[in-house]
Amino acid sequence: MRPKEDTQFATRSAALPDVPTVGEFVPGYEAISVFGIGAPKNTPIEIVEKLNREINAALADSKVRARLADMGGRALAGSPADFGKLIAEETEKWGKVIKAIGIKAS
């Protein structure tokens, strides 16, 4: 998933290599945008696994990777469990921020 040291999210964008990351100015800062594909809760595991294999294969394609890079994106292939872990980590991290600064839903 995400190595703790020098993650792909903490490096400069290949599309804008001369633009520093926020983390270069604010140590420890990390905010990411994530796009993923989900399926309904009771989707059979065989379908989830097939979707995962096909999506990972597409993300490994050099043309797809190049197109994502053209848009400033990076492919992060993985398993459904990896994606669930990433979402859980991000939810926990930003939940703490929301509580710390007292944001309330209106």
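All values reported here derive from a predicted model rather than from experimental measurement.
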Using atom types as modelled, flag every donor-acceptor pair under 3.5 Å from a side chain in residues 38-51 to any protein atom, sequence neighbours excluded.
from	atom 1	to	atom 2	distance (Å)
Thr43	OG1	Pro40	O	2.7

**Prompt:** Is a salt bridge present between Lys96 and Glu92, judged by a nitrogen-to-oxygen distance below 4.0 Å?
**Reply:** yes
**Asked** Checking Arg65 side chain against Leu59 main chain: does a donor-acceptor pair fall under 3.5 Å?
**Response** yes
**Message:** Would the distance check show the side chain of Lys85 and the main-chain N or O of Pro80 forming a donor-acceptor pair, the cut-off being under 3.5 Å?
**Reply:** no
**ILVMFWY cluster, Ile37 and Val64 together (side-chain gap under 4.5 Å)** = yes
**Item:** Approximate separation, where rounding is to 0.5 Å, of Arg67 CZ and Ser62 OG
**Value:**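 One gets 14.5 Å once the value is rounded to the nearest 0.5 Å.
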**Request:** Could you tell me the separation between the CG atom of Leu68 and the CZ atom of Phe35, rounded to the nearest 0.5 Å?
**Result:**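 Output value for this atom pair is 10.5 Å.
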**Asked** Are any non-hydrogen side-chain atoms of Thr21 and Tyr29 less than 4.5 angstrom apart?
**Response** no
**Item:** Side-chain touch Ile87/Glu90, heavy atoms, less than 4.5 angstrom
**Value:** no
**Prompt:** Mind checking what makes side-chain hydrogen bond (donor to acceptor under 3.5 Å, both in side chains) contact with Asn56, not counting sequence neighbours?
**Reply:** Asn52
**Asked** If you take all heavy atoms of Phe83 and Gly36, which pair is closest and at what distance?
**Response**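 Closest approach of Phe83 to Gly36: CZ-CA, 3.6 Å.
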**Where Glu30 and Lys93 come nearest, the two heavy atoms and their spacing** = O-NZ, 3.3 Å
